[in-house]
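Quick note on labels: first sequence line is chain A, next is B, and so on, each numbered from 1.
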Amino acid sequence: MLRIYNTLTGKKEPFEPLVPKTVRMYVCGVTVYDYCHIGHARSALVFDVIRRYLEHSGYCVEFVKNFTDVDDKIIKRANEQGVSCDQITAKFIQAYHDDMGKLGVRPASIEPKATEHMAEIVRLTETLIAKGLAYQVNGDVYFAVPQYSGYGRLSKRRLDDLQAGARVDVDERKRDPMDFALWKSAKPGEPAWPSPWGQGRPGWHIECSAMSMKHLGETFDIHGGGMDLIFPHHENEIAQSCGATGKEFARYWIHNGFVQINKEKMSKSLGNFFTIRDIFEKSEWSEEVTGEILRYFLLSTHYHGPLDFSDQALREAKQALDGFYDLFNRLSEAGQGSPDTDGDLQLAIGFAKRTFNIGMDDDFSTPVALAAFQQLRGEINTLIRKGISTEVMKEAREEFRSLGKVFGLFQLDRWQFNLPMRKNVGGEVGFSSDLEVQKMVDERTAAKKAKDFKRADEIRKFLASQGIIIEDKPDGTSRWKR
RNA sequence: GGCGCCGUACCCAAGUGGUAAGGGAGCAGUCUGCAAAACUGCGAUGCGGCGGUUCGAACCCGCCCGGCGCCUCCA
């Protein structure tokens, strides 16, 4: 039974979708005015894995993730660069898809844009005005927070507290300092759409209410995003949506923790961020391998907690993956088993599968699931020394592939992970032909057999300088990897 | 000031009432011509601190301390 920590209640709760076997989830995407950093990657990956696990558990998942493509920051960026907002958003939507593709994050079922939902946004705003929850001042429309009784339910804030601590300059047009814009009248040169209140554009929060309700219905199962969205964004979404429909909005609210640098939040304003493409560019590993390293790193901590980004953390993730792919390498070789050891391996696989599911059912505990993989790795290594049959070894490799699919891990073939892992420095092809390597490895095997250890060590040293590591097998032959 | 998240071994990190998972590093072994990989053994009488509830608490309650964050755009 899946249990999810729900920000709304502050508790872990059993998950029961509104419609059996179907999950409808909405996740706040990004504002497309710049490249994504590793913090965006975490959020995207976390919800991608949640979606995959729900599917793995037999649910049909309708997954909506939006692009905010009308916003102050976009306008500012467009003005700075002397281009249109459309050019900015098109560029960064493309960049988003590129980056997420490298990370192995699947596109959502629907990826709606705010600019394509103006009719819904206007209609929702009209409804709120009709219900007395919003008011018009000149060409602007504001949500009247004091008129909505449930305000603060998600972020656990009381209106009084908020006003006391408010450090925003108050807009005189607002009736209450907490009121927020549903519709902003257009200033000259800004993108604008027609509305009953004149030319203008939507406020930030209304688009998510409009788009989620359009694509998933007035009440749906899961709404997610980063923890910084709890207030005010999600609080405002609830006010708008529940205010308009009088119904429950999202039932389970999931929020992921931040990626930090030296215990500080990674953010644009602090300037301590690494973009996804920076990391891929700087990586000494191939794109596939770098993507997998990032996934392993990002999933090594529970989604709710903070996660410190560092070179060391990345190195540790790489090292962990090496352990798995080294095992897969061994599993691809021929083996000899006995009913005992083959049976033990089957048991170990079954145990790992159960642990994986127990972990993931407990609020998507990816670290527990990863630990299950690690434990299985150790058990298989032990059994390989005792001897297991080729068939069961293949089966074990397939189990890793199949369970790993939920995390997007362990999908690479031997040649992808173990061979072209290091990028060629300076465009030099270097010593990269498998045949050449194998020839030298064979020569070394012969030298070893002839007890010419000097020559054998020379060859190994040379190959090592080319980034190739040799592992001698008990039978006198050797396997190698890059 | 209000609210939230986090605080577990040298490092990373699970566990949320029944007596501290997992990984890395380190040390000592096995294997090896030497390596590499792999395997075996060793590590918190204690889970930020102090009280309380309980037969029993890292886990529940209260207070406190520390780190981070939200209350202005932010995954």
Dot-bracket encoding per residue of RNA chain B, Watson-Crick/G-U cut-off under 3.5 Å, | denoting interstrand: ((((((((.[[[..)..(...]]].(((((.......))))).....[[[[[..)....]]]]])))))))....
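- In this structure, the salt bridge (Lys or Arg N to Asp or Glu O under 4.0 Å) partners of A:D72, at least two apart in sequence or on a different chain, are A:K184, A:R201.
- For A:R77, the side-chain contact (heavy atoms from CB on, under 4.5 Å) partners at least two apart in sequence or on another chain are A:Y33, A:D34, A:E80, A:Q81, A:I88.
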Quick test: give all pairs of protein nitrogen or oxygen and nucleotides 62-68 of chain B nitrogen or oxygen below 3.5 Å, distance rounded to 0.1 Å.
unit_1	atom_1	unit_2	atom_2	d
B:rC68	O2'	A:Q260	OE1	3.2

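- Partners of A:I110 according to the side-chain contact (heavy atoms from CB on, under 4.5 Å) rule, which considers only residues two or more places apart in sequence or in another chain, are A:V64, A:P112, A:H215.
- Contacts of A:F351 classified as ring pair (Phe, Tyr, Trp, His ring centres under 6.0 Å), with partners at least two apart in sequence or in another chain: none.
- Of the residues in residues 370-377 of chain A, those lying under 4.0 Å from RNA chain B by heavy-atom distance are A:A371, A:Q374, A:R377.
- Qualifying side chain to side chain donor-acceptor pair (under 3.5 Å) partners for A:E264, counting only residues two or more places apart in sequence or in other chains: none.
- When the salt bridge (Lys or Arg N to Asp or Glu O under 4.0 Å) test is applied to A:K73, the partners found at least two apart in sequence or on another chain are A:D71.
- A:K102 is linked by a salt bridge (Lys or Arg N to Asp or Glu O under 4.0 Å) to nothing, counting only residues two or more places apart in sequence or in another chain.
- In this structure A:D98 satisfies the side-chain contact (heavy atoms from CB on, under 4.5 Å) test together with A:Q94, A:R277, sequence neighbours excluded.
- Sorted by first and then second residue, the pairs that involve residues 350-376 of chain A and meet salt bridge (charged side-chain N to carboxylate O under 4.0 Å, His left out), not counting sequence neighbours, are A:K12-A:D362, A:K353-A:E399.
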